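Presented below is the structure to which this report refers.
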There are 4 protein chains.
Amino acid sequence: MSKDKIIAAAIHVFSEHGYHRASMDEIALSAQVAKGTLYYHFPGKAQLFKTIVMDGFQEISDRIRSVMESDLTLEEQIQRIITHNLDLFLESRGFAHIVFNELSNGIEQDVLEELKGLKEGYIDFLAGVLEEGCKDGVLRSINCRLAAAGIVGLLDSSCNYYISHPDALNRDDLEQFLYTIITTGLFKINV
Amino acid sequence: MSKDKIIAAAIHVFSEHGYHRASMDEIALSAQVAKGTLYYHFPGKAQLFKTIVMDGFQEISDRIRSVMESDLTLEEQIQRIITHNLDLFLESRGFAHIVFNELSNGIEQDVLEELKGLKEGYIDFLAGVLEEGCKDGVLRSINCRLAAAGIVGLLDSSCNYYISHPDALNRDDLEQFLYTIITTGLFKINV
Amino acid sequence: MSKDKIIAAAIHVFSEHGYHRASMDEIALSAQVAKGTLYYHFPGKAQLFKTIVMDGFQEISDRIRSVMESDLTLEEQIQRIITHNLDLFLESRGFAHIVFNELSNGIEQDVLEELKGLKEGYIDFLAGVLEEGCKDGVLRSINCRLAAAGIVGLLDSSCNYYISHPDALNRDDLEQFLYTIITTGLFKINV
Amino acid sequence: MSKDKIIAAAIHVFSEHGYHRASMDEIALSAQVAKGTLYYHFPGKAQLFKTIVMDGFQEISDRIRSVMESDLTLEEQIQRIITHNLDLFLESRGFAHIVFNELSNGIEQDVLEELKGLKEGYIDFLAGVLEEGCKDGVLRSINCRLAAAGIVGLLDSSCNYYISHPDALNRDDLEQFLYTIITTGLFKINV
DNA sequence: GATGAATGAGACTTCATTCAT
DNA sequence: TATGAATGAAGTCTCATTCAT
């Protein structure tokens, strides 16, 4: 169906060029539909983008929620969350990056608000996981939302490095590194 | 002088709108010079941007290098590096964000390469600090460049959170949090 | 029936937005039919418009013709014609305005010709009434078609004023004013 | 200068096709400037249109004001006003028609408001002339603004007829007709 | 050194129309 | 009889860049 082709093409083109440099022309070309078809299925560029982002958030939220509902230990939960996040970020690299980092400015205000809301919602969601750990006395007493926000940046940035230096490390190394730094930091001995 | 006015205005406008949505018109207006003057001093938009970025990197590198040359302990060095980075990120917020995050795509290829080189150089620089710590046996044995890249993302993301939630925490909290998570992670007891 | 729903919706939408800004989309939406249905019943936008206009002319012609066939005095006939015209203009204001004023340009040439023909026909019709008055010596010797054309503009323009200044006068005032100016002009004493 | 060429071309193109069907492309082509040049001198289509209209109103107001300041009789004043209006309407026919009749809908709201204001201002201006006549007892006691609005429609519509039937009458006939109907109406004998 | 009018490629969007079902 | 997905030409507007002064 056209709509699916458009979505697939849009993910690809947005990822490739970022939001602003992605053109509706190129998306249409890539989806092998006429330009007008984009506007038949979506009101505009910003809304097309939003649709894709929301789908992505939905998916990762679903995956992570299943982790939460299991009776894994916190350590295992964190491990799984890192894995799922990495899946998302690596699968549709570029796209996740746009959502979490590129969109500070220059998009229709209302859509931007919604996207910020989604982002915040996701951070709250992660913060909730951390909060549990605090209550259980497993985690240090920290500002959980700040920690969640920081971790997302850490993940994004690490993925970027991993992708642009494919020979320097493999996926398992990356996952291991993230788990280590998040849980126990860089120092060998901690007091 | 015109050139200085342009640079000051450009920093402001790029920070405000991001690279793509910043227009040469607005920069000229903000600098109170004619549009042609921009092209008298700089070959084009990308090069103007590059100039500013290089200046910024120069400044932070200088500041941090002075830290390195002192004979502080690694703990203190890390503390100082966090502080300087935060200064940079918070002073010209928006701008640092653009450099580290927005510019994955959609800018003249050659300028983009140069900027990526600068970014990598900065990461190498941080990695060097960590490397020292590894050698000295203070830090875990990790991929230092990956860690440096990750930390930059962590810093950027945390700053963003701090800026958009000014009431949730103060600058000291932020600094403390970053030091803690970087050095000892989230877990209360580390082996 | 679909066709009737379309006509009703089209009158409404054309009146609201004028010919050029009225979209087939909105007409279909308003008529609660699919867009394709419009093209099932009418060859295109211009022809749909033409259909409606012809219906409207038919109706007013019928009404006025009944006036003509009666054996009223010319004074009474003019009074009635004003009343009927006002009915038409006020009932489907916007629409009458489009027909008489908006459509000078920018519509399919052949349809435009037909519409102009209808308009001329209506003016001829009014001119015929005036001609009678001339022959009977009741009216001044004037170019009756010019007078008819002028009167239509006078009516349209007055209606516009009446509609946008509902508090300044009532319907009877309007009718009285039109009768006065058409028959005896503005001057108090006429030779 | 480009700006003048644009204005001249715009008057021509708007008159030819009406507001909605006039395209910026055609105006640029007709003015022999690049499309971008239009936007260098004017913020957009609506504002370009507004500029032209305001110039036109300025001109006719100036002309008519000079009539008012003279010490002519009301009869002569009306005669002159008709003449000036006819000049305007016939010189830039199409254009005047657009301003007075086409612009009910479908133009940027704020510009439309301003144009309506101009139109109202002009009608008020004419109404002022009539008001004088009422006070002096020369004119019937009528709603002067309604009369002014009606007269504008009468003029516009008559001009249209005159232009499309150049063989049916000459300019003097037209002027004579308008003076007659406005001052003494159609009836031969008035009480 | 500095200007600003002019450019033109390219962006987003609209909408009358077609056609397979 | 009716549908609605799909089309593509055409429109408005943006903006980095050029160049004569």
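As the structure is a computational prediction, the values presented were derived from the model and not from experiment. Chain letters run A, B, ... following the sequence lines, proteins first, then strands; residues in each count from 1.
Separating the CE atom of A:M24 from the P atom of E:dT14 is a distance of 10 Å, rounded to the nearest angstrom. Rounded to whole angstrom, the span from the CD1 atom of C:I27 across to the C1' atom of E:dC15 amounts to 12 Å.
Of the candidate nucleotides F:dT12, E:dT7, F:dT3, F:dT3 has the atom nearest to the side chain of C:T37.
Phosphate proximity of E:dA2 to B:Y40: absent, as no side-chain N or O sits under 4.0 Å from OP1 or OP2. For B:H41, a side-chain nitrogen or oxygen approaches OP1 or OP2 of E:dA2 to under 4.0 Å.
Judged by distance alone, the side chain of A:S30 and the main-chain N or O of A:E26 form no donor-acceptor pair under 3.5 Å.
Using bins of under 30°, 30° to 60° and over 60° for the plane-to-plane angle, the ring pair C:Y19/C:F14 lands in the parallel bin.
Nucleic acid contact class of C:K35 (heavy atoms, under 4.0 Å, all strands): base. B:A22 comes within contact range of the sugar-phosphate backbone alone, with a heavy-atom separation under 4.0 Å but no base atom that close. Among the protein residues, A:A31 comes within range of no part of the nucleic acid, since none of its heavy atoms lies under 4.0 Å from any strand. Residue contacts for B:G44: at a heavy-atom cut-off of 4.0 Å it reaches the sugar-phosphate backbone alone, with no base atom in range. Counting any heavy atom pair closer than 4.0 Å across all strands shown, A:S2 reaches sugar-phosphate atoms only and no base atom. Across all strands, A:S23 comes closer than 4.0 Å only to sugar-phosphate atoms, never to a base (heavy-atom distances).
A cation-pi arrangement is not found for A:K119 relative to A:F57, the charged atom failing to lie both closer than 6.0 Å to the ring centre and inside a 45° cone about the ring normal.
Under the Watson-Crick or G-U wobble criterion, with both distances below 3.5 Å, F:dT7 is paired with E:dA16.
Looking at which nucleotide of DNA chain F each of A:A34 and B:A46 is closest to, the 5′-most match is held by A:A34. Of the residues near DNA chain F, C:Y39 and A:M1, the one whose nearest nucleotide (by heavy atom distance) lies more toward the 5' end is C:Y39. A residue-by-residue look at A:D25 and D:K3 shows that D:K3 has its nearest nucleotide of DNA chain E further toward the 5' end.
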